[in-house]
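These notes are about the structure you will find just below.
Counting starts at 1 for both ligands and their atoms, in listed order. For the single chain, residues carry numbers from 1 onward in sequence order.
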Amino acid sequence: MTSVNVPETGRRVLVSGASRGLGRALARAFAANGDRVAVHFGSREEEARATLGSLDGSGHVLVGGDLGDPAGAASIAERAAEGLGGLDVLVNNAAVNLPHPPVTTAYEEWVRLWQQHVAVNLLGTSHLSHLAAHRMIAQGTGGRIVNVGSRGAFKGEPDHPAYGATKAAVHALGQSLAVALAPHGIAVASVAPGFIETERVAHRLTDEVRAQSPFGRVASADEIAGAVLWLASPGAQWASGTVLDLNGASYLRT
Ligand SMILES: NC(=O)c1ccc[n+]([C@@H]2O[C@H](COP(=O)([O-])OP(=O)(O)OC[C@H]3O[C@@H](n4cnc5c(N)ncnc54)[C@H](OP(=O)(O)O)[C@@H]3O)[C@@H](O)[C@H]2O)c1
């Protein structure tokens, strides 16, 4: 069974959170590679339609749904696979990142935000991965799961602790799944980016933030998408279990 491997192109790919930002760049990168993409969105349907309309090739589909709800995750996986005629690659990109500094956040707000981060970032990733893996195993095709984690899992997120903690959990989940799913030809890896030039964080990208990297800049969404595309390729099977730092040497973990 371990001899099965994904093809180079023509794959059926679900990208969660592809309404804008990195998810949109991911959807475009896979489409440009000749893959067919299920463009998932949470609330920004119009932006997701713009992503869909910008993709190279044909056969792409749009799938909305709340990843913070287990039934929502099941429906997303089902409709994506139905629309694409199966599933070869899952990219767990959707996430929330809302501030909740421990010292100044009231307890009720703290609890609410922790629950939201865990529900979307960790459980949404876990549930979509389970559903995708079961489909890939039933197909007998092998597959790829790539998680979008974060540098914050290692460096710390003092004003966004639930974000950092859930991203660390996503990395750990990916490593456990890499071991569990390898006998079925499914490779699982994560990327851990530092800051990326996306709409969501544009207001945070000060000169000081850019200077965190000795290159004096933050990542483009396209260069992160390029790394994810490689991790989803047949040649990257041996990278299964990795957590790939993509932070321009802004943080070196030991
Ligand atoms: N930007 C950075 O500097 C940076 C750095 C490291 C890692 N990352 C990671 O990269 C990924 C993308 O970041 P981004 O900056 O592109 O963020 P973004 O623009 O906020 O995109 C997040 C995506 O997740 C979706 N989403 C959020 N909550 C959801 C829910 N409950 N159900 C379904 N979908 C939901 C959003 O859908 P709607 O908009 O349709 O609601 C959106 O498409 C995230 O995993 C983030 O943690 C980003």
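Residues Thr9 and Asp35 are in side-chain contact: their nearest non-hydrogen atoms beyond the backbone lie under 4.5 Å apart.
Within the 4.0 Å heavy-atom criterion, neither part of Glu45 lies near ligand 1. Contacts between Ile196 and ligand 1, counted as non-hydrogen atom pairs separated by less than 4.0 Å, involve both the backbone and the side chain. With a heavy-atom cut-off of 4.0 Å, Arg151 does not touch ligand 1 at all.
The N/O atoms of Ser150, backbone and side chain alike, include none that comes under 3.5 Å of an N/O atom in ligand 1. When only interatomic distances are considered, the shortest N/O to N/O separation between Gly149 and ligand 1 does not fall below 3.5 Å.
Residues Glu45 and Arg49 are paired through a salt bridge, judged by an N-O separation under 4.0 Å between the basic side chain and the carboxylate.
The nearest heavy-atom contact from the protein to atom 10 (O) of ligand 1 is Val148 CG1, 3.3 Å. Ranking protein heavy atoms by distance to atom 5 (C) of ligand 1, first place goes to Gly194 O, 3.1 Å. The protein non-hydrogen atom at the shortest distance from atom 31 (N) of ligand 1 is Asp66 OD1, 2.9 Å.
The ligand atoms of ligand 1 that sit less than 4.0 angstrom from a heavy atom of Thr198 are 1 (N), 14 (P), 15 (O), 16 (O). Atoms of ligand 1 found under 4.0 Å from any heavy atom of Arg20 (numbered from 1 in listed order, with element): 18 (P), 19 (O), 20 (O). Listed by atom number, the atoms of ligand 1 under 4.0 Å from Phe41 heavy atoms are 40 (O). Residue Gly21 has at least one heavy-atom neighbour below 4.0 Å for each of these atoms of ligand 1: 16 (O).
Nearest residue to atom 27 (C) of ligand 1 from Ala221, Ala153, Gly17, Ala95 is Ala95 (criterion: closest heavy atom). When the options Arg200, Arg44, Arg204 are ranked by their closest heavy atom to atom 48 (C) of ligand 1, first place goes to Arg200. Heavy-atom proximity to atom 26 (N) of ligand 1, evaluated over Gly68, Ala119, Ala94, Ala192, is greatest for Ala94.
Within the 3.5 Å criterion, the main-chain N or O of Pro234 finds no donor-acceptor partner in the side chain of Glu8.
Applying the salt bridge (charged side-chain N to carboxylate O under 4.0 Å, His left out) test to Arg210 and every residue at least two apart in sequence or in another chain returns Glu197.
Checked by atom type, the side-chain pair Ser75/Arg79 shows a donor-acceptor distance below 3.5 Å.
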Where do Arg253 and Lys155 land on the side chain to side chain contact (heavy atoms under 4.5 Å, CB included) test, with the steps shown first?
CA-CA 8 Å; Arg253 61 190 164 105; Lys155 186 173 183 282; over 6 Å; no
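Partner of Ser129 under the side chain to side chain contact (heavy atoms under 4.5 Å, CB included) criterion, out of Val188, Leu90, Ile186, Val170: Leu90 alone.
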